[in-house]
There are 2 protein chains.
Amino acid sequence: MFKKVLVAEDFDSISITVAQALEELSVSEIHHAKYCDDAFLKIKKAIKDNLPYDLLISDLSFKTDHRENKLNSGDELIAAIKKVQPDIKTVVFSIEDKSFRIKSLFNDLGINAYVAKGRNSIPELKKAIQGVFNNNTKILSQELTHALRDKSLIEIETYDISLLKLLSKGLILDEIALDFKNSGIIPNGSSSIEKRINKLKIFFKANNNVHLIAIAKDLGLV
Amino acid sequence: MFKKVLVAEDFDSISITVAQALEELSVSEIHHAKYCDDAFLKIKKAIKDNLPYDLLISDLSFKTDHRENKLNSGDELIAAIKKVQPDIKTVVFSIEDKSFRIKSLFNDLGINAYVAKGRNSIPELKKAIQGVFNNNTKILSQELTHALRDKSLIEIETYDISLLKLLSKGLILDEIALDFKNSGIIPNGSSSIEKRINKLKIFFKANNNVHLIAIAKDLGLV
DNA sequence: TACATCCTTACGGGAAACCGTAAAACAGTA
DNA sequence: TACTGTTTTACGGTTTCCCGTAAGGATGTA
């Protein structure tokens, strides 16, 4: 089993249970960080000391409080860690259940397993850790296997996300076109953007832009 | 200390820790429900057996899954329980931190304490339970005391919430006016509604309706 | 090169939002 | 009743959205 494991999780109510689960799996060194920045520091320190971590278990969303942090989400944390220690195994333990988000975790960040927090998640987490240790990859908690089969969201690309983000900030079509031009994103004609928004409205069955953003917010796309 | 306590919490990763905390407080009977419906049944059963619960610790949001449920949130659960056992003490343990929501929990549902899940929430939860047992009421976890002082959201009334809800469903002004007329909500002139939306836009510093709904979604108002 | 196809952009008309102003309805007070 | 102030409603002009059509441009193929 893994020897040295780092848990990045802000809620004490959850990290305590995760630590217990790791003990039951006979992990000898279990460390814990409540902030992404702290987690990153621990990883770097361990590399420097030539005693790197074998496994990272990370949440995705961290509460913001008075503290100023450089890394503010599990996504950012994992991306940063992969740069300094590309071979570290990673298990994400989060409430997020949008296929779009999870897919990008595997594809863009190269995580090894994803376990959704839920009614029976601790046994699943244990199983996932065991699986990653046995060099299985792309492990997904039971209830999510069907979610990823759902193709509905895969077709939404980063372009659409950028578009929805700007819309939700209150920009009008022309302003979005200008923003895209400045960012080098194409297509950036206001007419094309209009067309793309229309596609999204049809896709999500939205009556108008307001409705569209409400749906996008519900799906966690923006 | 309380003798018989029910914990309504869907995540196993959290309920385990909460149960441990209750043990440390010397609670003799600790029961647990993963679904609101189950929690409600246990409460009713206990009343029937003349062995009612002393305290309810409840989450607010519950994951939806394959199961069909009548009660789908902590709000609904508490409201239902208060009808059959008005004197039960209630502690809400949730991630929700919007002052608007928490205020209504105290005022409309008559809960006794609110503890926000966070980096140091288990000690706070213990303290809150102790406080409720000593007949203190309106207990709020530390980090939230300032949040409720923030008056910014108190002025938003149910009228505004209804309005934002309909907007987020993609209805246009005239449709909203019609809906309000049918529901007996006043004012319901499309002009008045327009004015009210404008006030909300100023209040939330929104550029347009799309922006407004994005903000409302972020604040958890709709 | 010629043709077909797809993607991007342009344009125009009608609907809805946006914004200010003013009239009408209502409540409180003398 | 008359006066005052507030709330609700009505109206008009401008901007933006919405939606269809069509022109321009790039790519692939015979």
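Worth knowing before you read on, the calculation uses all heavy atoms, side chains too, and leaves out hydrogens, waters and symmetry mates. We name chains A, B, ... by the order of the sequence lines, and we start the count at 1 in each one.
At C:dA17, none of the side-chain N or O atoms of B:Lys201 fall inside 4.0 Å of OP1 or OP2 (strictly under the cut-off). Close to D:dC18, at under 4.0 Å from its OP1 or OP2, lies a side-chain N or O of A:Asn209.
Applying the salt bridge (charged side-chain N to carboxylate O under 4.0 Å, His left out) test to residues at least two apart or on different chains, the pairs with a partner in residues 185-197 of chain B are B:Glu157-B:Arg196, B:Asp160-B:Arg196.
When only modelled atom types and interatomic distance are considered, A:Asn72 and A:Tyr35 share no side-chain donor-acceptor pair under 3.5 Å.
Ring centroids of B:Phe11 and A:Phe11 are separated by 6.0 Å or more, keeping the two rings apart.
B:Lys169 NZ: 12 or fewer foreign heavy atoms inside a 6.0 Å radius.
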Using nucleotides 6-8 of chain D, report all nitrogen or oxygen pairs with the protein that are shorter than 3.5 Å.
none

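The side chain of A:Ser191 sits closest to C:dT9 out of C:dT9, D:dC18, D:dT9.
Heavy-atom distances under 4.0 Å link DNA chain D to A:Ile172, A:Leu173 of residues 165-185 of chain A, given in residue order.
For the pair B:Arg119 (side chain) and A:Lys63 (backbone), a donor-acceptor distance under 3.5 Å is present. Without hydrogens or angle criteria, A:Asn112 side chain to A:Thr90 main chain gives a donor-acceptor distance under 3.5 Å.
Separation of atoms CG (A:Asp59) and OG (A:Ser15) is listed at 10.5 Å; rounding is to 0.5 Å.
Remark: C1' of C:dG20 and CD1 of B:Ile197 are 17 Å apart, rounded to the nearest angstrom.
Salt bridge A:Lys217/B:Asp218: present, at least one basic N to carboxylate O contact under 4.0 Å.
For A:Glu194 and D:dC17, a side-chain-to-base donor-acceptor distance below 3.5 Å is absent, hydrogens and geometry of angles not being considered.
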